[in-house]
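The residues of the chain are indexed from 1 along the displayed sequence.
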Amino acid sequence: MPHYTGPLLTRETLDAILAARGAGHGRWPGTLDLGRTQEEVLLDATQWRWRDGSYPYPAKLKDRTIYFWDGEEFAPVSRFSGSLIKLVPTEWQVPTFEIDGIKMLPTSKESPLDDAQRKVALVEPRGKPVLDTCGGLGYFARRCLEAGAASIRSFEKNADVLWLRTLNPWSPDPDAAAAGGRLQLSHADVSQAITTLPDAAFDALLHDPPRFGIAGELYSQAFYGELARVARRGARLFHYTGSPNKLTSGRDVPREVAKRLEAAGFKTRLALDGVLGVRR
């Protein structure tokens with residue numbers, strides 16, 4: 001699916017554009033791709049022009065919502081197919097996403113892309129074939145590409161998340177020249193797809209599953225056995241677990257994960273908000 005190249009609006013962006021028009025300015029310098037570039041918008045009384053397109057001034061936009069031009073109007077970057085999935089702006093410009101109001105990426109202390117960079121660094125992807133089990137918005141894959149990974153095999157189960165990626169300018173495009181053919185993104189459930197991958201195929205693995213209550217199969221001993229099977233000796237794995245409160249959950253999820261990974265054939269230690277493993 002091709003990536004969207006039109007303007008993206010938030011309430012704050014629209015307010016800035018309207019303020020510039022109200023002050024009598026004919027131009028507004030700013031970003032219409034969530035901080036990826038800074039360009040000038042030409043302002044007229046009834047419409048504004050950006051790149052090769054002309055657009056109406058939309059009515060009031062909602063907070064915490066990103067809008068795209070669907071050819072007729074500015075529509076929210078969200079879908080409902082059993083669950084409400086929505087691209088959400090952050091103070092870092094790089095967006096996160098939510099499923100039924102649950103934020104899927106940490107953003108309280110840093111950009112989700114910077115968070116991904118710290119985790120990707122743990123598996124040292126330069127020159128390596130990488131397995132990215134739960135692709136999400138593709139921030140792990142983007143950082144692996146930038147770090148010089150030889151190849152990335154990425155899986156994403158949710159079709160609506162894949163649609164969000166086509167509208168997010170920070171998500172890597174597998175067909176873009178910058179990817180150089182190194183990123184293969186599949187619409188598939190990795191808990192099943194992993195069984196089709198060859199033995200000892202990867203030197204770096206990134207596993208960022210939904211929380212245990214949603215996708216328990218991705219925390220199972222059987223799945224960890226598959227991760228060990230496709231990992232070469234010495235391969236590095238980062239498994240995101242988050243930091244659930246033991247007092248409220250009654251469980252120590254990171255240590256449970258580490259124990260299962262040890263049983264599967266990894267030497268482990270807790271790292272950042274997850275577990276780092278090295279294939280024995």
Side-chain angles (χ1 to χ4, degrees), residues 34-36 90 92-97 103-157 161-162 164-165 168-174 176 178-186 190 193-194 197 201-211 215 218-219 223-224 227-228 230-243 254 257-258 261 266-279:
L34 304 180
R36 290 280 288 152
T90 71
W92 320 101
Q93 306 231 52
V94 179
T96 183
F97 72 109
K103 187 173 63 175
M104 304 305 290
L105 298 170
T107 59
S108 61
K109 297 180 180 179
E110 61 183 344
S111 155
L113 196 56
D114 290 341
D115 176 78
Q117 184 173 21
R118 292 192 300 121
K119 293 167 181 174
V120 165
L122 291 174
V123 302
E124 301 171 358
R126 179 171 296 279
K128 297 177 180 179
V130 178
L131 174 63
D132 176 27
T133 63
C134 304
L137 293 182
Y139 295 156
F140 277 175
R142 180 185 179 89
R143 288 308 195 191
C144 284
L145 288 170
E146 293 170 350
S151 63
I152 303 113
R153 188 73 191 273
S154 184
F155 296 90
E156 175 51 52
K157 178 180 178 179
V161 174
L162 291 173
L164 291 184
R165 287 178 69 136
N168 178 14
W170 295 97
S171 294
D173 181 354
R182 292 177 293 150
L183 174 57
Q184 181 180 349
L185 175 61
S186 300
V190 73
I194 196 170
L197 298 178
F202 301 98
D203 287 314
L205 302 91
L206 292 156
H207 185 42
D208 185 9
R211 68 183 188 275
L218 297 180
Y219 295 78
F223 184 75
Y224 293 161
L227 288 178
V230 302
R232 293 175 185 161
R233 182 176 297 181
R236 298 172 72 87
L237 160 72
F238 178 75
H239 183 320
Y240 171 76
T241 62
S243 304
V257 164
L261 287 174
F266 291 91
K267 181 180 179 181
T268 67
R269 65 177 175 86
L270 301 186
L272 301 178
D273 48 7
V275 179
L276 178 66
V278 178
R279 182 71 168 97

On a heavy-atom basis, which atom in Lys103 and which in Thr107 lie closest, and how many Å separate them?
NZ-OG1, 3.0 Å
Member of Val257, Thr133, Leu218, Val190 meeting the side chain to side chain contact (heavy atoms under 4.5 Å, CB included) criterion with Pro209
Leu218
Just to verify, what does Arg165 make a side chain to side chain donor-acceptor pair (under 3.5 Å) with, not counting sequence neighbours?
none
Please answer whether the main-chain N or O of Ala150 pairs with a side-chain N or O of Arg182 as donor and acceptor at a distance below 3.5 Å.
no
Relative to the ring of His239, is the ring of His207 parallel (under 30°), tilted (30 to 60°) or perpendicular (over 60°)?
perpendicular
Donor-acceptor under 3.5 Å (Trp170 side chain, Pro95 main chain)
no
Shortest non-hydrogen contact between Thr241 and Gly274, atoms and distance
OG1-CA, 3.5 Å
side-chain contact (heavy atoms from CB on, under 4.5 Å) between Leu131 and Leu227, intermediate numbers included
CA-CA 9 Å; Leu131 174 63; Leu227 288 178; 4.2 Å; yes
Apply side-chain contact (heavy atoms from CB on, under 4.5 Å) to residues Leu185 and Leu162 and explain how you reach the verdict.
CA-CA 9 Å; Leu185 175 61; Leu162 291 173; 3.8 Å; yes
Minimal heavy-atom distance between Ala179 and Pro174, with the atoms involved, is CB-O, 3.7 Å
Would you check, one step at a time, whether the test side-chain contact (heavy atoms from CB on, under 4.5 Å) holds for Phe202 with Val123?
CA-CA 11 Å; Phe202 301 98; Val123 302; over 6 Å; no
For Pro254 versus Gly242, what's the shortest heavy-atom pair and its separation?
CG-O, 3.9 Å
Say you draw a straight line from OG1 of Thr96 to CG of Asn168; how long is it, rounded to the nearest 0.5 Å?
10.0 Å
Between Arg279 and Ala228, is there a donor-acceptor pair closer than 3.5 Å when you use the side chain of the first and the backbone of the second?
yes
Over all atoms of both residues, closest heavy-atom pair of Phe266 and Tyr224:
CE1-O, 4.3 Å
Any side-chain heavy-atom pair from Val230 and Leu205 closer than 4.5 angstrom?
yes
Partners of Lys128 by side chain to side chain donor-acceptor pair (under 3.5 Å), sequence neighbours excluded?
none
Taken to the nearest 0.5 Å, the spacing of Thr268 OG1 from Leu237 CG works out to 9.5 Å
Mind checking the CZ-CG spacing from Phe238 to Leu272? Nearest 0.5 Å is all I need.
5.5 Å
Ignoring hydrogens and geometry, is there a side-chain-to-backbone donor-acceptor pair from Gln184 to Arg153 under 3.5 Å?
no
If I take atom CG from residue Leu206 and atom OH from residue Tyr240, how far apart are they, to the nearest 0.5 angstrom?
14.0 Å
Answer yes or no: is there a side-chain heavy-atom contact under 4.5 Å between Val130 and Phe140?
no
Non-hydrogen atoms of Arg232 and Pro129 that approach each other most closely
NH1-CG, 4.0 Å
Donor-acceptor contacts, no H, no angles, side chain residues 112-122, under 3.5 Å, sequence neighbours left out:
from, atom 1, to, atom 2, distance (Å)
Asp114, OD1, Arg143, NH2, 3.3
Asp115, OD1, Lys119, NZ, 3.4
Asp115, OD2, Lys119, NZ, 2.8
Arg118, NE, Glu110, OE2, 2.9
Arg118, NH2, Glu110, OE2, 2.8
Lys119, NZ, Asp273, OD1, 3.2
Lys119, NZ, Asp273, OD2, 3.2

